[in-house]
Amino acid sequence: GGCNLETGEVSLFDGYQDTRLRLSMAEGKLLVITESNIDLSFGDVGLAVDGKDFIPADGVADEKHVLFSSNTEAILEQFIHGRSVTVYLRFWPSYPATQRHEARISLIGFTRAYKNYNACRSKMSS
């Protein structure tokens with residue numbers, strides 16, 4: 001019932017088991033969708049495109065998804081011009097705390113998919 005943009009899935013070991021993750025854009029929010037609970041307590045969860053500046057996460061949605069709700073246009077602009085995005089995650093419950101995990105997601109084909117996403121949004125609003 002709406003427009004959605006998603007990357008392909010990648011697998012990542014979360015310290016306990018393999019979890020799948022992907023990027024998803026809908027309703028002006030960018031999410032990193034995972035199957036494991038996210039730990040934001042260290043302030044180092046976020047992403048970076050092609051080794052550029054780290055962009056911290058804004059929060060967590062439904063305990064398992066990393067939320068980017070501010071500066072999404074700037075992030076999407078980096079995605080359009082980028083080759084890959086590295087996602088930095090921490091998971092819980094884990095005691096003591098383990099290291100930060102990272103996964104790389106390809107951005108090849110993102111520009112075309114983003115154009116289709118915007119076309120869908122235009123069609124839905126008219």
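Keep in mind that what you see is a predicted model, and the values were worked out from it rather than measured. Index from 1, following the sequence.
Cluster membership for L67 and I38, using ILVMFWY side-chain heavy atoms within less than 4.5 angstrom, is not shared. Residues V49 and L21 share a hydrophobic cluster, clusters being chains of Ile/Leu/Val/Met/Phe/Trp/Tyr side chains in contact below 4.5 Å. Grouping the Ile, Leu, Val, Met, Phe, Trp and Tyr side chains by contacts below 4.5 angstrom, directly or via other members, places L31 apart from L5. Hydrophobic clustering (side-chain heavy atoms under 4.5 Å, transitive across Ile, Leu, Val, Met, Phe, Trp, Tyr) keeps I33 apart from L107. Under the 4.5 Å side-chain contact rule for hydrophobic residues, I80 and L47 share a cluster.
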query: What do the steps show when you test T34 against R20 for side-chain contact (heavy atoms from CB on, under 4.5 Å), and what is the final call?
result: CA-CA 6 Å; T34 77; R20 293 181 307 223; over 6 Å; no
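Contact check for V45 versus R90: side-chain heavy atoms found under the 4.5 Å cut-off. At least one side-chain heavy atom of L89 sits under 4.5 Å from a side-chain heavy atom of V66. Taking the side chain as every heavy atom from C-beta outward, I75 and I55 approach each other to under 4.5 Å. Side-chain atoms of F91 and H101, non-hydrogen and from C-beta on, do get closer than 4.5 Å to each other. A heavy-atom distance below 4.5 Å is found between the side chains of V85 and L23. F110 is listed as a side-chain neighbour of L76, based on a closest heavy-atom distance under 4.5 Å.
Of the N and O atoms on the side chains of E73 and N71, not one donor lies less than 3.5 Å from an acceptor on the other residue. Side-chain N/O atoms of D58 and S70 include a donor and acceptor closer than 3.5 Å.
Expressed to the nearest 0.5 Å, how far OG of S24 lies from CG of L30 amounts to 8.0 Å. Summarising the geometry, atom CD1 belonging to I105 is positioned 4.5 Å from atom OG1 belonging to T7; distances are rounded to the nearest 0.5 Å. Atom CZ in F79 sits 11.5 Å away from atom OG1 in T111 (nearest 0.5 Å). The CH2 atom of W92 sits 10.5 Å away from atom OG of S41, with the distance rounded to the nearest 0.5 Å. Taking CD of E6 as the reference point, atom CZ of R22 lies at 4.0 Å (rounded to 0.5 Å).
For A103 against V10, the heavy-atom pair with the smallest separation is CB-CG2, 4.1 Å. Across every non-hydrogen atom of F42 and D39, the tightest pair is CE1-OD2, 3.8 Å.
At least one cation-pi condition fails for R104 and Y88: the charged atom is not both under 6.0 angstrom from the six-membered ring centre and inside a 45 degree cone around its axis.
Proximity of a side-chain donor or acceptor of D14 to a complementary backbone N or O of Y16 within less than 3.5 Å is detected. D50 places a side-chain N or O within donor-acceptor distance of the main-chain N or O of S84, the cut-off being under 3.5 Å. No side-chain donor-acceptor contact under 3.5 Å links D62 to the backbone of K64.
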Please table the atom pairs, donor to acceptor, closer than 3.5 Å between any side-chain atom in residues 115-126 and protein atoms at least two apart or in another chain.
from : atom 1 : to   : atom 2 : distance (Å)
S122 : OG     : N118 : O      : 3.1
S125 : OG     : R121 : O      : 3.3
S125 : OG     : S122 : O      : 3.1
S126 : OG     : S122 : O      : 3.2
S126 : OG     : K123 : O      : 3.1

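For Q17, the CD atom is densely surrounded, since the number of other residues' heavy atoms within 6.0 Å is greater than 12.
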